[in-house]
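What follows is a set of notes on a single structure, which appears directly below.
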Amino acid sequence: MSTNDTHPQVLDGEPTKTTTYLRDTATAVIQSFTPINKIHQHLCAFHFYSYDMTRQVEAHHYCGHVNEEMRQCLIYDRPEKKGRLIGLEYIISENLYLTLPDEEKILWHSHLYEVKSGLLLLPNVPSPIHCKDMELVCKTYGKVFHFWQVDKGHSLPYGIPQLMMSFTRDGQIYDHLVQSCAQRLGIDFEKERKSREYMTGPAHGIHPLANGGGKGLETRLREVELKHDAPPSSATGVSV
């Protein structure tokens, strides 16, 4: 089975037309996609909504290094041609995380449990390469926002971006979610766990403010006064 049956794909809109496909093919030849071409790896992981651990989703990250201490990832609901772009994640080193103000630190999650449990991995990558990268990720922190609430069956990305978190201990993730992924991608999560027993996390331990500081965090919009009386300082008068 090649699709993510945990959250079936439902899309609004008519199928892509042949003319659109031909136009896309032409622009692909002409234009440059330098930022996208920096993507160098596929990470499979699981997230939950930071205010509701019962809402859990499979997340496929397509990542590129900004530099040695930061990666940025596009997140899709499945590793297929028709995968939906549902969010993004920034991954930073412990050194960078420690420079963040406290009100920012709570938005980031640790990767130690994700890696050591086997729940975060690089599908189809040979073990020696896989382990070397996981040794690094094990010490990092990530900040994730999802834009498309696929677990609710939404056919379009409704609502505002939602902060997501990762699991931090056994017993939190649903077994059926893990088993579904394992069957589709041919992953032995228990084997991955055993191969990572030697790995270590951040040098200073997981920061107490990480992972929401152990509390739920909900992203909300609030109405504020729109400041519109004074024009921008750079604005100039125009007569028509």
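In this model, a donor atom of one side chain and an acceptor atom of the other lie less than 3.5 Å apart for Arg196 and His130. Inspection of the Thr168 and Asn211 side chains reveals no N or O donor paired with an N or O acceptor under 3.5 Å. The closest side-chain donor-acceptor pair between Asp52 and Thr54 falls under 3.5 angstrom.
Rounding to the nearest 0.5 Å gives a distance of 10.5 Å between CD1 of Ile173 and CE of Met53. Between Glu69 atom CD and Leu136 atom CG the span is 11.0 Å, to the nearest 0.5 Å.
Cys pair Cys181/Cys44: SG-SG separation is not below 2.5 Å.
Linking ILVMFWY side-chain heavy atoms closer than 4.5 Å, directly or via other members, places Leu88 and Ile91 in two distinct hydrophobic clusters.
Judged by distance alone, the side chain of Gln56 and the main-chain N or O of Gln172 form a donor-acceptor pair under 3.5 Å. No donor-acceptor pair closer than 3.5 Å links the side chain of His47 to the backbone N or O of Ala45.
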Yes or no on ring pair (Phe, Tyr, Trp, His ring centres under 6.0 Å) for Phe167 and Phe46, after CA distance, side-chain angles and deciding distance? CA-CA 8 Å; Phe167 301 98; Phe46 303 90; 7.3 Å; no

Full working for ring pair (Phe, Tyr, Trp, His ring centres under 6.0 Å) between Tyr76 and His60: CA-CA 5 Å; Tyr76 289 79; His60 293 270; 9.3 Å; no

Is there a ring pair (Phe, Tyr, Trp, His ring centres under 6.0 Å) between His42 and His61 once you walk through the steps? CA-CA 6 Å; His42 168 205; His61 304 53; 8.6 Å; no

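Heavy-atom neighbours of Glu218 CD from other residues, nucleotides or ligands within 6.0 Å: above the threshold of 12.
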